[in-house]
S.K.: 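I have a structure I would like to understand better, so I am pasting it below and will then ask my questions one at a time.
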Amino acid sequence: MKNHIEEDEIKFIVKEQIGGKLPNFLNEEEVKCVRNFHLSMDEYKATPLVALEELAKKLGVHKIYVKDESYRFGLNAFKGLGGTYSIARLLCKKLNIDIKDASFEYFNQPEIKEKIKDMVFVTATDGNHGRGVAWATTKLGCKSVVYMPKGSSLTRLQAIRDAGAEASITDFNYDDAVRIAKQKAEENGWYVVQDTAWEGYEDIPNWITQGYTTMADEALDQMKLDGIKRPTHVFLQAGVGSLAGGVLGYYANVFKDKCPITTIVEPEKADCIYKSALANDGNPHFVTGDLDTIMAGLACGEPNPITWKILQDFAKAYVSCPDYVSARGMRVLANPIGNDKKVIAGESGAVGLGFLSLLIERETLKPLKEKLGLDENSVVICFNTEGDTDPEHYEKIVYDGKNPSV
Ligand SMILES: Cc1ncc(COP(=O)(O)O)c(C=O)c1O
C-alpha cells in the first residue's frame with residue numbers, strides 16, 4: 001500500500017493496483033435473480049439516475065450521475081432492497097423452494113401466509129435497514145423487532161414503528177446493538193436479519209449484499225440509455241461495507257479488468273474500512289467508542305468481513321473525512337446549477353458527492369485526483385442512498401447552513 005497522506009483533515013490511501021478473486025455470489029446470474037425478485041414486487045420501480053450536466057461541466061468531468069435511492073419503495077433509502085431479498089431467501093429456505101420460483105405474490109397466498117405468520121425477524125439498525133426490514137415483514141404478515149444504537153433519531157425510530165416493528169433505542173453503539181439482536185434471537189427463536197456478517201453468520205448478510213445490487217444493475221441500464229457503456233469512477237460510502245462491497249463486487253464481475261476506479265468514503269469517527277486498508281495486513285480492523293458522526297448510517301466500527309475482502313481487492317482508494325464533507329454534498333445536491341435536477345440527499349447519502357466536489361476543487365487533494373485519473377473523459381457515479389430521513393437535521397444543514405461540528 002502506498003501514498004498514505006494525511007492532510008487538511010481528509011485522510012486518504014490510494015493503491016497502485018487492484019484485483020483479486022471475483023466474488024462469485026455477486027456474478028451476473030445471481031444479480032439477475034435478485035432483480036427478478038424485486039421486479040415481482042408491486043412497489044418496484046427503478047429509482048432515478050440523475051445526470052448532473054452542469055455540475056459535471058463545472059467540475060471538469062464528462063458526466064456525473066447520482067443514483068437517487070431516496071425514491072426506493074417509498075422508504076426514502078436504499079436499504080429495503082437488502083431487507084426484502086434476504087427475507088425472501090429466508091422464507092424460501094423455510095418453505096423449501098427455490099428463489100427462482102418465488103415472488104412477492106407467492107408469499108402472499110393465504111396457505112403460505114399461514115405457514116410463515118409466526119416467524120419473527122430481529123435486527124439492529126441506525127434507521128434505514130430496520131425500516132426496510134419492518135416494511136418487508138409487515139407486508140408478508142410476519143413480525144419484526146428492531147434495536148437502535150444510543151443517540152438514534154426519534155424521527156427514524158417512529159418511521160420504523162410506523163412500518164410495523166416493535167422498535168426501541170438502546171444505550172449501546174451500533175456494533176453492541178447488533179450483539180443484543182443476536183442474543184435476543186437466541187433466547188426467543190427469532191431470525192436475525194443483520195446487514196453485516198460474522199463467523200458462522202454469512203448467508204443472510206450475503207443475501208442482503210446481493211439485494212443491494214439491484215440499484216447497481218439499474219444504474220448500468222440507465223447509463224446505456226444515455227449512451228454510456230460503463231462508469232469510469234465510482235464513489236461509494238461505507239458503514240460496515242456491505243453496500244459498497246455489493247456494488248463494487250458486481251461491477252468487478254461485469255467489467256473484469258476494466259473495473260471502474262472506485263473510492264470508498266467514510267466518516268472519520270467510524271472509518272473502519274480506511275483503518276483496515278491502512279493496517280494493510282489483510283484483516284478487517286475495528287473502530288470503537290461512540291462513533292459520533294452526522295452520517296448515522298455510516299456509524300459502524302466493524303467491517304463486514306466478507307465485503308471487506310472485496311473492498312480490499314477492488315477499491316482503488318479509501319477516504320476518511322469529517323462531517324462537513326457530507327454537509328457540503330447535501331448542499332451541492334440541494335442547490336443545483338442551471339437545469340440540473342435537485343436531489344434531496346441525507347447525511348449518509350451525500351458524502352460521496354461531497355467528497356468528489358472537494359477532490360476536484362481542492363489543491364491539497366490534487367495528488368489523489370491525479371492518481372485516480374479524474375479528467376474531462378471521466379464518467380462518475382455516486383449513490384444517494386438516503387433522502388431526508390431526519391428532516392429536522394436536514395433543514396438545519398441545508399437551509400440554515402449549520403456547521404455540523406457545532
Ligand atoms: C443511507 C445509508 N447509506 C449507506 C449505508 C452504508 O451501508 P453499509 O453499512 O452496508 O456500508 C447505510 C447503512 O445503514 C445507510 O443507511
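For reference, positions follow the sequence shown, starting with 1. In each ligand, atom 1 is the first atom listed, and ligand 1 is the first ligand listed. Please read all numbers here as calculations on a predicted model, not as lab measurements.
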S.K.: Identify, by atom number and element, the atoms of ligand 1 in contact range of Gly239, meaning under 4.0 Å from any of its heavy atoms.
M.R.: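 By the 4.0 Å cutoff, the relevant atoms are 6 (C), 8 (P), 9 (O), 11 (O).
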
S.K.: Going by atom types only, do Asp226 and Tyr65 share a side-chain donor-acceptor pair under 3.5 Å?
M.R.: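 Indeed, the side chains of Asp226 and Tyr65 share at least one donor-acceptor pair under 3.5 Å.
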
S.K.: If you apply the rule ring-ring contact (aromatic ring centres under 6.0 Å, His included), what do you find for Tyr318 with Tyr274, and how did you get there?
M.R.: CA-CA 5 Å; Tyr318 310 86; Tyr274 169 85; 7.9 Å; no

S.K.: Has Ala77 got any heavy atom lying under 4.0 angstrom from an atom of ligand 1?
M.R.: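 No; Ala77 lies far enough from ligand 1 that no heavy-atom distance drops under 4.0 Å.
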
S.K.: Would you please determine whether Phe78 falls within less than 4.0 Å of ligand 1 on a heavy-atom basis?
M.R.: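 The answer is yes: ligand 1 sits under 4.0 Å from a heavy atom of Phe78.
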
S.K.: Of all the heavy atoms in Gly241, does at least one lie under 4.0 Å from an atom in ligand 1?
M.R.: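 Contact check Gly241 vs ligand 1: positive.
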
S.K.: Give the atoms of ligand 1, by number and element, whose distance to some non-hydrogen atom of Ser242 is under 4.0 Å.
M.R.: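 Close to Ser242: 8 (P), 10 (O), 11 (O).
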
S.K.: Using distance alone, determine whether Asn128 and ligand 1 share an N or O pair under 3.5 Å.
M.R.: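 Between Asn128 and ligand 1 (N or O atoms, distance only) the closest approach is under 3.5 Å.
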
S.K.: Could you point out which residue of Ser326, Pro267, Cys272 forms a side chain to side chain contact (heavy atoms under 4.5 Å, CB included) with Leu298?
M.R.: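 Of the listed options, the one satisfying the test is Pro267.
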
S.K.: Restricting to non-hydrogen atoms, name the atom on Gly245 and the atom on Leu26 that form the minimum distance, rounded to 0.1 Å.
M.R.: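 Distance-wise, the nearest heavy atoms are O-CD1, 3.6 Å.
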
S.K.: Taking distance alone, with no angle check, do Ala238 and ligand 1 share an N/O pair under 3.5 Å?
M.R.: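 For ligand 1, there is no N or O atom that lies under 3.5 Å from one belonging to Ala238.
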
S.K.: Compute the shortest N/O to N/O distance between Ala244 and ligand 1 and return yes if it is under 3.5 Å, no if not.
M.R.: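 Such a contact does not occur with ligand 1.
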
S.K.: Taking non-hydrogen atoms only, is Asp126 closer than 4.0 angstrom to ligand 1 via side chain, backbone, both or neither?
M.R.: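 Near ligand 1, Asp126 shows its side chain, while the N, CA, C and O stay back.
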
S.K.: Can you find an N or O of Val240 that's nearer than 3.5 Å to an N or O of ligand 1?
M.R.: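 Val240 vs ligand 1: N/O contact under 3.5 Å present.
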
S.K.: Should the pair Asp290-Lys150 be classified as a salt bridge under the 4.0 Å nitrogen-to-oxygen rule?
M.R.: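 Salt bridge flag = yes for Lys150 with Asp290.
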
S.K.: So, for Tyr174 and Ala299, which heavy atoms are closest and what is the spacing to 0.1 Å?
M.R.: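 Shortest heavy-atom contact: CB-O, 3.6 Å.
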
S.K.: Taking only non-hydrogen atoms of Lys79, do any sit less than 4.0 angstrom from ligand 1?
M.R.: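 Heavy atoms of Lys79 do come under 4.0 Å of ligand 1.
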
S.K.: Could you tell me which atoms of ligand 1, counted from 1 in the order shown, lie closer than 4.0 angstrom to a heavy atom of Ser348?
M.R.: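 With Ser348 as reference, the close atoms of ligand 1 come out as 1 (C), 2 (C), 3 (N).
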
S.K.: Measuring only between side-chain heavy atoms, which start at C-beta, is Val351 closer than 4.5 Å to Phe235?
M.R.: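 A side-chain contact under 4.5 Å is absent here.
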
S.K.: More than 12 heavy atoms of other residues, nucleotides or ligands under 6.0 Å from CD of Gln17: yes or no?
M.R.: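 No - once you tally the heavy atoms of other residues, nucleotides and ligands closer than 6.0 Å, there are 12 at most.
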
S.K.: For Glu105, does the CD atom have more than 12 heavy-atom neighbours from other residues, nucleotides or ligands under 6.0 Å away?
M.R.: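 Open.
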
S.K.: Please say which of Val178, Ile306, Asn304 ends up in a side chain to side chain contact (heavy atoms under 4.5 Å, CB included) with Trp198.
M.R.: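 Exactly one pass, corresponding to Val178.
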
S.K.: Can you pull out the closest protein heavy atom to atom 3 (N) of ligand 1? Residue, atom name and distance to 0.1 Å, please.
M.R.: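 Minimum-distance protein heavy atom for atom 3 (N) of ligand 1 reads Thr385 OG1, 2.7 Å.
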
S.K.: For atom 12 (C) of ligand 1, which protein heavy atom lies nearest, and how many Å away is it?
M.R.: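 Looking only at protein heavy atoms, the one closest to atom 12 (C) of ligand 1 is Gly297 O, 3.4 Å.
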
S.K.: Short list, please: which atoms of ligand 1 are under 4.0 Å from a heavy atom of Leu298?
M.R.: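 Those of ligand 1 that fall under 4.0 Å from Leu298 are 4 (C), 5 (C), 6 (C).
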
S.K.: Going by distance only, is there an N or O of Glu386 that falls short of 3.5 Å from an N or O of ligand 1?
M.R.: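 Between Glu386 and ligand 1 (N or O atoms, distance only) the closest approach is not under 3.5 Å.
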
S.K.: Got an N/O contact under 3.5 Å between Tyr212 and ligand 1?
M.R.: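 N/O-N/O distance below 3.5 Å does not exist for this pair.
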
S.K.: Identify the heavy atoms of Lys21 and Asp313 that sit nearest to each other, and give their distance.
M.R.: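 Heavy-atom minimum between the residues: N-OD2, 4.1 Å.
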
S.K.: Nearest protein heavy-atom contact for atom 7 (O) of ligand 1: which residue, which atom, what distance?
M.R.: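 I find the closest protein heavy atom is Leu243 CB, 3.7 Å.
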
S.K.: Write down the atom of Tyr250, the atom of Val31, and the distance for their closest heavy-atom approach.
M.R.: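 Closest approach of Tyr250 to Val31: CD1-CG2, 3.4 Å.
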
S.K.: For ligand 1, find out whether one of its N or O atoms is nearer than 3.5 Å to an N or O atom of Gln237.
M.R.: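 In fact, backbone or side chain, Gln237 has no N or O that close.
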
